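Below you'll find the structure, written out as structure tokens, and then a few comments.
The sequence lines fix the lettering, A, B, ..., with proteins before strands; numbering per chain opens at 1. Here the structure is a predicted model, which means the values were calculated and not measured.
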Number of protein chains: 2
Amino acid sequence: MPRCSACTFASFCLPGGLNRRDIDRLDSVVHGRISLHKGESLYRLGDPVTSIYAIRVGTLKSQVSTQDGRVQIVGFHLPGELVGLDSLVSPQYMSHAVALEDARLCRINLTALRDLAVALPGLYNNILRLMANEVRHDHAMLRTLGVLNAEERLIAFLLSLSARLSARGFAASEFQLRMTREEIGSYLGLKLETISRLFSRLSETGLITVRHRSVKLNDLNGLRLIYEGSSGALASFQNHCLAN
Amino acid sequence: MPRCSACTFASFCLPGGLNRRDIDRLDSVVHGRISLHKGESLYRLGDPVTSIYAIRVGTLKSQVSTQDGRVQIVGFHLPGELVGLDSLVSPQYMSHAVALEDARLCRINLTALRDLAVALPGLYNNILRLMANEVRHDHAMLRTLGVLNAEERLIAFLLSLSARLSARGFAASEFQLRMTREEIGSYLGLKLETISRLFSRLSETGLITVRHRSVKLNDLNGLRLIYEGSSGALASFQNHCLAN
DNA sequence: CGAGCATTTGAGCGAGATCAAACGGAGTGG
DNA sequence: CCACTCCGTTTGATCTCGCTCAAATGCTCG
């Protein structure tokens, strides 16, 4: 039986405000583990919602697709993050979640979670906080898609990935991409060829080193200059808020 | 003293799950009314968060701006909707809210709301539901900015406005725009000239009639065909979920 | 009635899309 | 272990949609 109290990522799944005793009680809402192979779906648009999921290992994407085949990826989910939050109060899933690589997850039973939350107001606050983070992320993405050009978008993506990875103890400036150029493009509202060209161009300037899926950010400050020159104090302000 | 129980929009501010007795208790969290003139700010990025607001009359926008002056509008707020949800659990406001026309609002004290929510779990669920709606809306916008072309975006905007207005008892196919072409453009990731040209083009085809700020949707089905042809079953599915 | 701002419309341009072709790495089967 | 195949990636050439710059018109509100 998996136990939240022993989970490395517990503090990320359900940050702050809960004491050890409360976290122990959380174990009761985790109903089993799930393994997914690369490419498998965790859930599809319209499936009945009974659970959300915490990622132990692996990376997933959430996407919505259109009749004529255009796909918009609305989020990537890293180890330690939750999947399915966007459908928390919906009877059916609002998106399609797919594993980008082999993954293992904890299934969190929503009925049990709701019952427990009535007893633990601190848990409600945590859930609200997670939803608010989702909104914050989405607003940042709206800004990215709305006002940034292609190069700024890719840099925003790389910096955001770097921040999320380092917040979970991974290296901040050197990592493996788990997604294809096409998926990055879909996330950023660009085409895969454009992503490829941008990687080449950023490589030539020395700001980053890219070989296939492995990325190294050689000049974090230089990248931030391009990004923050466009996003202004806003990005750092939001990161500041995000921190507490 | 304003009273939630007497508010026309109470069912939208805090939908379902609360009985009349609970709604009466909500009055205690409403701490006064606010009047804004066109162009005035309700709050600015970084202001300390003590309240969120329910719109009684008027329309507002939420925006984030960049150092070099580029502005991304992340939402328009109609009568009966809430403003400030994106900052619900943040110590400082994450965006800048401005009145598009003279407006009157109810101020909802967050401390009082949190205290009341501990006593009324149904209230927590309502708040979660509102946050989830925000996420749903943002994901729809991400799709709009990510995969739709200019014409599809404007039609998506008009249809969404129409749906929200008619849900609140206003006419679905004839209304006054409260925002400038530039603001529509900022919301949709387009320039004001593009918006103007698109309005002219849609007028020529007879799908809509535009004169200044007044818009008439002559052929809702025709518009939906263009939009759903691009967004597929998704839009109607999400509207279906939105309804309950 | 006049000033300032919003809107419309035109002309030309450019960032990113599209179409096309070659390359390379990973997995599979002989 | 190697050859083959498939898919992801890179790179080039050309096109196009929406942007930029510009000028005229028309509201709105003092």
Side-chain angles (χ1 to χ4, degrees), chain A residues 37-39 59 61 68-73 98 100-102 144-157 176-205 208-215 226 230, chain B residues 37-40 59 61 68-73 98-102 144-157 176-205 208-215 226 230:
Chain A
H37 287 112
K38 180 175 176 174
T59 308
K61 62 176 174 180
D68 56 3
R70 288 180 281 181
V71 172
Q72 175 66 28
I73 292 177
V98 182
L100 296 180
E101 55 183 336
D102 292 357
T144 296
L145 296 184
V147 306
L148 302 193
N149 67 27
E151 184 179 75
E152 291 165 341
R153 289 185 204 186
L154 184 58
I155 289 175
F157 169 70
Q176 294 286 324
L177 297 173
R178 305 304 182 175
M179 62 292 286
T180 67
R181 305 287 190 258
E182 186 170 18
E183 285 164 334
I184 298 172
S186 163
Y187 185 62
L188 298 175
L190 301 168
K191 292 293 159 186
L192 71 95
E193 296 95 328
T194 303
I195 302 295
S196 180
R197 278 183 239 274
L198 286 171
F199 270 135
S200 301
R201 231 172 62 198
L202 289 174
S203 268
E204 280 164 23
T205 68
I208 68 174
T209 304
V210 190
R211 178 162 176 76
H212 315 306
R213 299 285 183 93
S214 78
V215 173
I226 300 180
S230 63
Chain B
H37 287 112
K38 180 174 175 174
E40 282 186 328
T59 308
K61 62 176 174 180
D68 56 3
R70 287 180 282 181
V71 172
Q72 175 68 28
I73 292 177
V98 183
L100 296 180
E101 55 184 336
D102 293 357
T144 296
L145 296 184
V147 306
L148 303 192
N149 67 25
E151 184 180 76
E152 292 164 341
R153 288 185 205 187
L154 184 57
I155 289 175
F157 169 71
Q176 293 287 323
L177 296 173
R178 307 302 183 177
M179 63 291 287
T180 66
R181 304 287 190 258
E182 186 170 17
E183 286 164 334
I184 297 172
S186 164
Y187 185 62
L188 297 175
L190 300 168
K191 292 293 160 187
L192 71 96
E193 296 95 330
T194 303
I195 303 295
S196 179
R197 279 183 238 275
L198 286 170
F199 270 135
S200 301
R201 230 173 62 199
L202 288 174
S203 267
E204 280 164 24
T205 69
I208 68 174
T209 304
V210 190
R211 177 160 178 75
H212 315 306
R213 298 284 183 94
S214 78
V215 173
I226 300 179
S230 63

Could you state the [atom1]-[atom2] distance from [X] to [N], rounded to the nearest angstrom?
| X | N | atom1 | atom2 | result |
| --- | --- | --- | --- | --- |
| B:Asp102 | D:dC29 | CG | C1' | 13 Å |
| B:His212 | C:dC5 | NE2 | C1' | 14 Å |
| A:Phe199 | D:dT11 | CZ | P | 13 Å |
| A:Leu190 | C:dG16 | CG | P | 7 Å |
| B:Arg178 | D:dC27 | CZ | P | 18 Å |
| A:Ile195 | C:dA17 | CD1 | C1' | 13 Å |
| B:Glu193 | D:dA23 | CD | P | 14 Å |
| B:Asn149 | C:dA17 | CG | P | 13 Å |

To the nearest 0.5 Å, what is the distance between CG (A:Leu154) and OH (A:Tyr187)?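 If we round to the nearest 0.5 Å, A:Leu154:CG and A:Tyr187:OH are 12.0 Å apart.
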Looking for any heavy atom pair under 4.0 Å, which part of the strands does A:Gly185 touch: base, sugar-phosphate only, or nothing?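 Touches nothing.
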For B:Arg201, answer base if it contacts any base atom (sugar-phosphate contacts may also be present), sugar-phosphate if it contacts only those atoms, and nothing otherwise; contact means non-hydrogen atoms under 4.0 Å. nothing
Considering only side-chain heavy atoms of [X], which listed nucleotide, [options], is closest?
| X | options | result |
| --- | --- | --- |
| B:Leu192 | D:dT9, C:dA17, C:dT8 | C:dT8 |
| A:Thr180 | D:dG8, D:dT20, D:dT11 | D:dG8 |
| B:Arg197 | C:dA11, C:dG25, D:dG18 | C:dA11 |
| A:Arg211 | D:dC27, D:dG18, C:dG25 | C:dG25 |

Please confirm whether the shortest side-chain N or O distance from [X] to OP1 or OP2 of [N] is below 4.0 Å.
| X | N | answer |
| --- | --- | --- |
| B:Arg181 | C:dT8 | yes |
| A:Thr194 | C:dA17 | yes |
| B:Arg213 | C:dT7 | yes |
| A:Ser200 | D:dT11 | yes |

Is it true that a side-chain atom of B:Arg213 and a backbone atom of B:Gln176 form a donor plus acceptor pair closer than 3.5 Å? no
B:Glu101 side chain to B:Thr59 main-chain N or O, any donor-acceptor pair under 3.5 Å?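 Side chain of B:Glu101 to backbone of B:Thr59: a pair is present.
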Does the side chain of B:Arg201 come within less than 4.5 Å of B:Leu198's, by heavy atoms? yes
How about A:Ile195 and A:Phe157: do any of their side-chain heavy atoms sit closer than 4.5 Å?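 No - every pair of side-chain heavy atoms lies 4.5 Å or more apart.
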Here's a test of your reading of the structure: between B:Ser196 and A:Glu151, which maps to the more 5' nucleotide of DNA chain C?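 Looking at the nearest nucleotide for each, B:Ser196 comes out on the 5' side.
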